[in-house]
Amino acid sequence: MEDKSMTLTEHLEALRRVLLVSIIALVIATIAVYFGFREQLLALILRPMKDLGIKPVFITPWEAFFTTIKICFVAAIFLALPVILWEVWSFVLPALHSHERRLVYILMPASIILFVGGVVFGYLVVFPAAVRFLLVTASEGFMPFITISRYFGFLSMFVLPFGAVFQLPLIIMLLTHLGLVTPRFLAKNRKYAVLIIFIVAAVVTPTPDMVSQTLMALPMVVLYEASIWISYLVRRKREEKVRQEGI
């Protein structure tokens, strides 16, 4: 293959170009977000707090500025993602066989969609409920004094894991395609899977309260149940393909 004929120096040069272009794309995207729609982005992030009548504060002169930069940088990662993925794809493409390329064509877009969908679900559905419980229900009689950096850190640690959690159906589909799991195995071990899910939710959730952990675990349980059906469909398609090839 073409990639195997490249020397080590050529590989390193290609990798250096990928890193350089990706960094430049991130810097440009960060600047564009900061000067283009910084205020709209901050309003979106602070909306769960604003709905509760709470306004975050800052306690150091630089805290608000650097937190804003962090927020813009995270948004810039999503904005620059097409460029980064294109560069990475161009780097690994020559080393892949045709069937591996087809698999990547399917998995990559699905993975991105599931990740973004998980983050959006976590922010719109789960996070507001968790914030309301922590700052209103469980903190009645106290005055919240939350800094913008702590709030953004909590938001990131709470929402981003949903992007990883939403990869579960894709992982199950791939494992079923490889013949490593079956829908019967998944259904038979459902109770153990639920136990593991709640353990993972307890570890991933940035707070020790059971409400936040349950809000994290319930979507995972639903995704696991959906994964069983996905596994069934993938296995049936796989068996039909084997049967047709045997005819």
Which pairs, with at least one residue in [range] and sequence neighbours excluded, count as a side-chain hydrogen bond (donor to acceptor under 3.5 Å, both in side chains)?
range            : value
residues 218-233 : T176-S231, R190-E225
residues 152-174 : S111-Q167
residues 19-47   : none

In one Ile/Leu/Val/Met/Phe/Trp/Tyr side-chain cluster, 4.5 Å: [X], [Y]:
X    : Y    : answer
L180 : M173 : yes
I77  : L20  : no
I148 : F66  : no
V83  : L26  : no
V165 : V120 : yes

For R184, give me all partners under salt bridge (charged side-chain N to carboxylate O under 4.0 Å, His left out), at least two apart in sequence or on another chain.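 Result, salt bridge (charged side-chain N to carboxylate O under 4.0 Å, His left out) vs R184: none returned.
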List in chain and number order the residues that pass salt bridge (charged side-chain N to carboxylate O under 4.0 Å, His left out) with E63, two or more places apart in sequence or in another chain; answer none if no residue qualifies.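 Listed in chain order: nothing, the list is empty.
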For the residue pair [X] and [Y], what are the closest heavy atoms and their distance?
X    : Y    : value
V131 : M49  : CG1-SD, 4.3 Å
P161 : V204 : CB-CG1, 3.2 Å
F162 : G118 : CB-O, 3.1 Å
A64  : T68  : O-OG1, 2.7 Å
Q213 : A201 : O-CB, 3.5 Å
E87  : V18  : O-CG2, 3.6 Å

F115 and F166: aromatic ring centres closer than 6.0 Å?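 No - the distance between ring centres of F115 and F166 does not fall below the 6.0 Å cut-off.
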Does the ring centre of Y151 sit less than 6.0 Å away from the ring centre of F58?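 They do not qualify: ring centres at least 6.0 Å apart.
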Which Ile, Leu, Val, Met, Phe, Trp or Tyr residues join I199 in one cluster when any pair of side-chain heavy atoms under 4.5 Å counts as a link?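 Under the 4.5 Å side-chain rule, I199 groups with L195.
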Once you round to the nearest 0.5 Å, how far does CG of L170 lie from CG of L223?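 It is 11.5 Å, given to the nearest 0.5 Å.
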